[in-house]
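Only one structure is covered here, and it is reproduced in the block below.
The basis for the numbers below is simple: all heavy atoms, side chains too, and nothing from hydrogens, waters or symmetry mates.
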Amino acid sequence: MGIGASIFLIVLGAIFTFALDFDVAGIDIDVIGWIFMIGGVLGLLFTTLIWGPRSRATIVSEPTHVRRVEERTEI
């Protein structure tokens, strides 16, 4: 799960928990919202812990063989 998906789940969970006020038979919308928010926070933490420490540097090695090309000039 990426950072964008985690933030989306947090926002969706907050909307379900704090903004919506309706009842569905057998389903508690507030609990679903809290589950989405907890899942989003856990996804954000895991994404940060897994992808954060990785180096962003690119390693470039020197060529082992150099070829010199000369053009012939006609006089």
Consider side chain to side chain contact (heavy atoms under 4.5 Å, CB included). Of Ile10, Ile15, Leu12, which one does Phe36 pass it with?
Leu12

Indicate, with yes or no, if Leu42 and Val11 share a hydrophobic cluster defined by side-chain heavy-atom contacts under 4.5 Å among Ile, Leu, Val, Met, Phe, Trp and Tyr.
no

Which class fits the ring pair Trp34 and Phe18: parallel under 30°, tilted 30 to 60°, perpendicular over 60°?
perpendicular

For Leu45, all residues meeting side-chain contact (heavy atoms from CB on, under 4.5 Å), sequence neighbours excluded:
Val41

Hydrophobic cluster membership, Leu9 vs Val31, 4.5 Å side-chain cutoff:
no

Partner residues of Phe46 under the ring pair (Phe, Tyr, Trp, His ring centres under 6.0 Å) criterion, sequence neighbours left out
none

Decide whether Ile7 and Met37 are clustered together by the hydrophobic rule: side chain heavy atoms of Ile, Leu, Val, Met, Phe, Trp, Tyr closer than 4.5 Å, transitively.
no

Write down the atom of Thr47, the atom of Ser6, and the distance for their closest heavy-atom approach.
OG1-OG, 4.4 Å

Could you state whether Ile27 and Ile35 fall into the same hydrophobic cluster, counting links through intermediate Ile, Leu, Val, Met, Phe, Trp or Tyr residues with side-chain heavy atoms under 4.5 angstrom apart?
no

